[in-house]
Amino acid sequence: MTLTGANAMIAPMSKYPFREIEQKWQAYWEKNQSFAVTEDEKFPKEKRVYVLDMFPYPSGSGLHVGHPEGYTATDIYCRYLRMNGYNVLHPMGFDSFGLPAENYAIQTGTHPKITTERNIANFRRQIKSLGFSYDWSRELSTHTSDYYRWTQWIFIQLFNKGLAYESNTPINWCDNCKTGLANEEVKEGRCERCGTAVVRRNIRQWVLKITEYADRLLEDLDSLEWPESVKLMQKNWIGRSEGASVLFHIDGLDESLEVFTTRADTLFGATYMVVSPEHPLVGQLTTAENKERVEAYLDEVAHKSDLERTDLAKDKTGVFSGSYAINPVNGERIPIWIADYVLISYGTGAIMAVPAHDERDWEFAKKFGLPIIEVLKSEIDVQTAAWTEDGVHVNSGFLDGLGKDEANEKMIAWLEERNLGKTAINYKLRDWIFSRQRYWGEPIPLVHCPTCGTVALNESDLPLLLPEVTSYEPSGTGESPLAKIDSWVNTTCPVCGGPAKRETNTMPQWAGSCWYYLRYIDPHNTQEFVSREKERYWMPVDLYVGGAEHAVLHLLYARFWHKVLHDLGLVSTSEPFTRLVNQGMITSYAFQRTDKSLVPTDLVDEKEDGTFVERETGDTLERVIAKMSKSLKNVINPDEIIEEYGADSMRMYEMFMGPLEVSKPWSTAGLVGVYRFLDRVWRLYTERTINDREVSPELLKTVHKTIKKVSVDTGNLDFNTAIAQMMILVNDLYKEEDLNRQVGETLVLLLAPYVPHLAEELWQQLGHTSSLTTATWPTWDEALTVDSTATLVFQVNGKVRSKVEAPMGLPKDEALALAKADEKVQKWIEGKTVVREIVVTDKLVNIVVK
RNA sequence: GCCGAAAUGGUGGAAUAGGUAGACACAAGGGACUUAAAAUCCCUUGCUCGCAAGGGCGUGCGGGUUCAAUUCCCGCUUUCGGCACCA
């Protein structure tokens with residue numbers, strides 16, 4: 001019983017010697033430095049292209065089949081561009097600081113550098129085994145001091161520009177492990193390692209002022225050729241909203257509460273206010289008789305995990321502070337409540353509540369018996385539900401009868417006149433918390449001096465090396481392991497020379513990936529992070545391919561750094577990545593019981609009729625598509641695929657599966673189909689006579705159509721349809737007795753970007769002594785791609801009744817006559833009245849009858 | 001809940017300035033070769049009624065626009081991805 005549906009291996013049975021071929025040509029490319037590029041001035045600007053892959057984190061589990069998908073796509077594109085006369089920069093490297101290596105170090109005591117470099121070696125071997133045309137002389141890893149020296153240097157530029165500041169901000173804290181946790185270490189509100197509920201704890205952090213760039217990060221999105229969905233995600237993440245800030249005086253206190261609202265026009269309906277539990281005025285607002293209850297509430301909130309606090313389904317909670325604010329439009333005294341549905345991180349941390357027209361405010365008002373006043377004419381009773389649609393203003397004094405925009409404008413003008421409010425803009429985007437209390441990251445190159453304050457290291461003192469430590473455990477105080485090394489922490493101030501202490505925080509993993517694309521341009525420069533001239537030669541990145549999981553954070557952070565560098569005059573472009581393509585995820589098949597639980601693939605049998613059963617119980621299972629995961633035993637290992645079928649099959653199959661951008665399930669059976677195709681190609685050249693006998697006009701047409709389709713599709717990254725067309729050509733060639741040399745050469749050239757090893761080998765067997773890497777892409781003759789006849793479809797009332805082959809460009813009246821003369825058509829129009837006749841040249845004739 | 005993407009044969013997918021639905025491949029079936037099997041080559045293959053000729057149905061579901069809808073419009077359903085009370 002085979003398990004084809006579960007991706008069992010199917011041993012190939014043929015002679016196509018992919019192992020020897022692939023080893024031979026990989027060695028050839030390496031020896032000849034075939035893909036090393038220089039800033040050659042003979043290429044004009046428009047013939048220089050920078051094609052970038054998102055570099056991988058070298059994890060211990062090795063390359064996933066998802067990695068080669070994007071890498072193959074860019075590789076094909078690069079090889080295609082080179083054959084079309086472009087100078088192509090195509091580098092690869094490793095994003096090698098990061099949590100898994102550190103956690104492994106904590107468990108085993110192995111230095112993260114050792115595991116990381118071992119993993120890099122494995123990744124490099126795996127990537128090279130696929131024959132990608134990277135310029136390996138430019139390889140970089142973010143954890144090396146040659147690299148992070150410049151990451152630190154860029155940080156100093158940000159610091160000197162006033163874009164870095166210290167702030168106490170909450171982090172995820174595990175009381176048991178005595179350590180801060182990254183978001184990805186928090187699973188369902190609990191510590192991933194020990195299961196303890198995660199609490200929030202304030203800690204001193206370095207923060208970068210990305211919000212200062214919010215508007216530009218938003219506006220410049222319009223200039224980018226990125227997927228609309230990614231642009232939209234970034235837009236929503238930045239979350240610009242226009243509204244007004246309004247001041248509410250607090251009754252009996254010499255203080256005001258400022259709120260941000262997008263609907264100042266509903267101010268007459270504001271019946272209470274809410275401040276976030278972390279709001280700085282909470283203490284002052286709380287009156288003596290409410291003190292106990294407020295404190296109990298604050299305590300309760302502090303002990304809630306983020307999960308509990310942000311659970312949308314939960315009941316609203318809150319407590320009355322005892323204080324009242326004055327609604328500026330009508331002088332009403334309205335109660336001030338404290339509730340955790342108001343976030344300190346957005347707006348001012350305080351809101352005016354308009355329960356009649358806001359879901360959340362309505363729920364809260366109902367629960368605590370607060371008044372609900374309709375101010376927008378509603379189609380429902382606002383006492384029974386919130387009315388969140390538009391309506392003309394009622395109960396709103398000078399706004400009555402007005403629509404939303406007009407009322408809003410009038411209200412803001414009214415507030416401005418009295419100094420009670422003004423237009424305001426708010427962003428969801430928050431400043432970027434940039435420090436981590438970790439070992440395996442770039443040390444932040446700052447020193448805390450008792451006399452000079454916090455100062456940056458001199459640039460000549462970079463790199464600030466990551467010191468050796470004896471233990472990778474966090475310090476237990478929330479500080480990084482670096483804080484435990486007195487000899488490292490105690491230093492001298494770079495300004496006054498007096499005793500000072502080093503910053504012990506390290507940078508987040510994002511730091512290295514924020515600028516790596518610039519370092520590839522000039523990776524061995526010891527004087528600058530990148531030379532001006534080289535930067536101008538290559539930037540911006542023309543095509544950037546990677547997973548959609550980086551749609552927001554990495555791409556937003558990198559854009560932010562790039563804009564800062566641009567403002568400092570250090571890079572020439574205002575955006576780093578002109579065109580972005582997200583490759584889809586490669587999923588796998590999984591097997592589902594009727595209760596929707598999944599069964600690991602190795603416990604499934606496929607029956608003769610193609611259905612699947614659970615081996616132990618014999619129950620029928622449904623085949624579904626799921627992410628590859630270790631627990632489901634449906635992970636495909638690229639090494640095994642390359643061993644069994646070769647790198648060329650792997651490359652071409654991943655491109656043939658479907659469009660690059662969509663997610664698609666891996667099927668080893670499908671891979672075998674591509675393997676068979678390559679084997680057919682091989683035998684075409686090795687088992688047939690190659691001669692110069694003239695080819696038939698039909699075959700010549702297929703050849704030119706193929707050149708055209710493969711050229712256009714490859715340029716558009718539509719690889720699946722390009723491959724299909726090459727298969728059509730090969731099928732046609734199999735109908736011939738021998739192989740025309742020129743046609744054979746053309747096919748090899750078209751195959752070259754897709755299956756470079758096989759193509760090089762065939763090219764050599766055809767007698768060429770130079771590598772395909774310098775060959776010229778074939779051109780097509782448009783005249784030879786045009787068909788002489790077209791299939792005319794005859795429809796009666798929109799239904800296809802007959803088809804004929806007719807000469808191209810047949811005049812409409814002749815086409816119509818042809819249709820009317822058609823026997824089958826006549827049968828359908830016989831005895832009926834023709835009411836309309838539609839002729840589409842070379843396509844169809846539609847006769848409408850009654 | 002909100003935002004986004006998608007839904008086409010047994011399977012992956014092709015085709016949209018509206019004009020032959022199912023290219024190419026997998027799987028399945030048949031044939032050739034073979035002592036036999038594998039490999040290879042050739043053929044068939046959306047469903048359905050029919051001996052056939054031929055007909056009917058068919059691109060998630062329900063409507064609409066049109067001579068003509070996978071494609072455009074309105075309303076749903078489901079799946080996947082992202083975000084989490086954003087005032």
Side-chain angles (χ1 to χ4, degrees), chain A residues 4-5 11-15 227-230 232-233 235-237 239 241 243 259-263 266 274 306-307 309-314 316 339-343 345-354 358-361 363-364 426-429 548-549 551-552 582 584-585 587 589 609-611 623-627 653 656-659 661-674 676-677 679-680 683 687 718 720-721 723-728 731 734-735 791-800 803 824 827 835-838 840 842-849:
Chain A
T4 52
M13 289 289 183
S14 177
K15 317 154 268 283
E228 286 306 315
S229 60
V230 174
L232 195 68
M233 269 194 254
K235 247 172 219 167
N236 292 341
W237 190 266
S241 59
V259 303
F260 172 76
T261 174
T262 52
R263 293 301 300 267
T266 61
V274 184
D306 277 359
L307 182 80
R309 223 183 131 164
T310 57
D311 186 357
L312 201 68
K314 81 171 170 61
K316 295 267 179 292
D340 66 357
Y341 81 94
V342 172
L343 310 175
S345 54
Y346 182 76
T348 62
I351 62 155
M352 63 177 219
V354 184
D358 181 283
E359 254 357 302
R360 296 155 302 172
D361 296 347
E363 257 178 66
F364 192 83
N426 240 285
Y427 300 93
K428 280 193 234 179
L429 182 70
E549 66 273 21
V552 179
N582 289 134
M585 207 188 332
T587 52
Y589 292 119
D609 60 0
T611 59
R623 192 174 79 170
V624 295
I625 287 167
K627 278 188 192 177
Y653 170 60
F656 186 58
M657 290 170 85
E661 298 87 347
V662 306
S663 80
K664 33 208 178 253
W666 178 275
S667 152
T668 301
L671 171 89
V672 173
V674 171
R676 272 205 288 262
F677 167 69
D679 193 48
R680 265 162 79 78
R683 284 182 285 112
E687 292 179 358
D718 292 329
N720 54 330
T721 48
I723 294 167
Q725 183 62 40
M726 289 191 267
M727 288 174 169
I728 290 171
N731 287 344
Y734 257 75
K735 292 179 183 124
T791 309
L792 271 188
V793 173
F794 297 151
Q795 298 182 331
V796 178
N797 287 350
K799 280 191 188 292
V800 178
K803 299 173 193 180
K824 289 174 194 152
K827 214 177 90 186
V835 290
R836 202 165 162 186
E837 292 156 341
I838 292 120
V840 182
D842 297 336
K843 288 253 160 77
L844 58 74
V845 177
N846 186 13
I847 299 170
V848 185
V849 294

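Please read these numbers as outputs of a predicted model, since none were measured by experiment. Reminder, nothing fancy here: chain letters follow the sequence lines and each chain counts from 1.
- Checked by atom type and distance alone, the side chain of Tyr653(A) pairs as donor or acceptor with a backbone atom of Ser667(A) at under 3.5 Å.
- Among all heavy-atom pairs drawn from Val230(A) and Ala551(A), the shortest one is CG1-O, 3.7 Å.
- Between Asn720(A) and A14(B) there is a side-chain N or O to OP1 or OP2 distance below 4.0 Å.
- When both pairing distances are held under 3.5 Å, C72(B) makes a Watson-Crick or G-U pair with G64(B).
- Contact annotation: Arg676(A) does not reach the phosphate of A39(B) (side-chain N/O to OP1 or OP2, under 4.0 Å).
- Using a 4.0 Å heavy-atom distance criterion, Phe677(A) is classed as making no nucleic acid contact.
- The nucleotide U77(B) finds its pairing partner in A7(B), both defining distances of the Watson-Crick or G-U wobble pair being shorter than 3.5 Å.
- A cation-pi arrangement is found for Lys316(A) relative to Tyr341(A), the charged atom lying closer than 6.0 Å to the ring centre and inside a 45° cone about the ring normal.
- Nearest-nucleotide assignment on RNA chain B puts the 5′-proximal partner with Tyr734(A), out of Val552(A) and Tyr734(A).
- Residue contacts shown for Pro659(A) are limited to sugar-phosphate atoms, with no base heavy atom under 4.0 Å away.
- Between the C1' atom of A5(B) and the CE atom of Met585(A) lies a distance of 12 Å, rounded to the nearest Å.
- Residues Asn236(A) and Tyr427(A) both approach RNA chain B. Their nearest nucleotides, taken by heavy-atom distance, put Asn236(A) toward the 5′ side.
- The glycosidic torsion of G9(B) lies within 90° of 0, which places this base in the syn conformation.
- At whole-Å resolution of the value, CD in Glu837(A) and P in U66(B) are 20 Å apart.
- Among the nucleotides C85(B), C41(B), U20(B), the one closest to the side chain of Lys803(A) is U20(B).
- Among the heavy atoms of the strands lying under 4.0 Å from Thr261(A) are primed sugar atoms or P, OP1, OP2 only; no base atom is included.
- In terms of phosphate contacts, Thr721(A) brings no side-chain nitrogen or oxygen within less than 4.0 Å of OP1 or OP2 of A23(B).
- Proximity of Lys235(A) to the phosphate of G82(B): no side-chain N or O atom is located under 4.0 Å from OP1 or OP2.
- In this structure, the CG atom of Asn797(A) is 15 Å from the C1' atom of G19(B), given to the nearest Å.
- Between the side chains of Arg680(A) and Asn731(A), at least one donor N or O lies within less than 3.5 Å of an accepting N or O.
- OP1 or OP2 of C41(B) sits under 4.0 Å from a side-chain N or O of Arg683(A).
- Lys843(A) comes within contact range of the sugar-phosphate backbone alone, with a heavy-atom separation under 4.0 Å but no base atom that close.
- When distances are taken from the side chain of Lys799(A) to each of C24(B), G4(B), C57(B), the shortest belongs to C57(B).
- Side-chain atoms of Lys827(A) lie closest to G54(B) of the nucleotides G54(B), C86(B), C83(B).
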Pair Asn797(A)-Val849(A), side chain to side chain contact (heavy atoms under 4.5 Å, CB included): steps then yes or no: CA-CA 7 Å; Asn797(A) 287 350; Val849(A) 294; 3.8 Å; yes
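- A 3.5 Å limit on both hydrogen-bonding distances identifies G31(B) as the Watson-Crick or G-U partner of C41(B).
- In this structure, G46(B) forms a base pair with C57(B), meeting either the Watson-Crick or the G-U wobble geometry with both donor-acceptor distances under 3.5 Å.
- Ile728(A) comes within 4.0 angstrom of sugar-phosphate atoms only, judged by non-hydrogen atoms across all strands, and of no base.
- Residue contacts for Gly673(A): at a heavy-atom cut-off of 4.0 Å it reaches the sugar-phosphate backbone alone, with no base atom in range.
- In terms of phosphate contacts, Arg360(A) brings no side-chain nitrogen or oxygen within less than 4.0 Å of OP1 or OP2 of G1(B).
- Across all strands shown, nothing is found opposite A23(B) as a Watson-Crick or G-U wobble partner with both distances under 3.5 Å.
- Judged by distance alone, with hydrogens and angles left aside, the side-chain atoms of Asn426(A) form no donor-acceptor pair with the main-chain N or O of Ser241(A) at under 3.5 Å.
- In this entry C2(B) has G82(B) as its Watson-Crick or G-U wobble partner, both defining distances falling under 3.5 Å.
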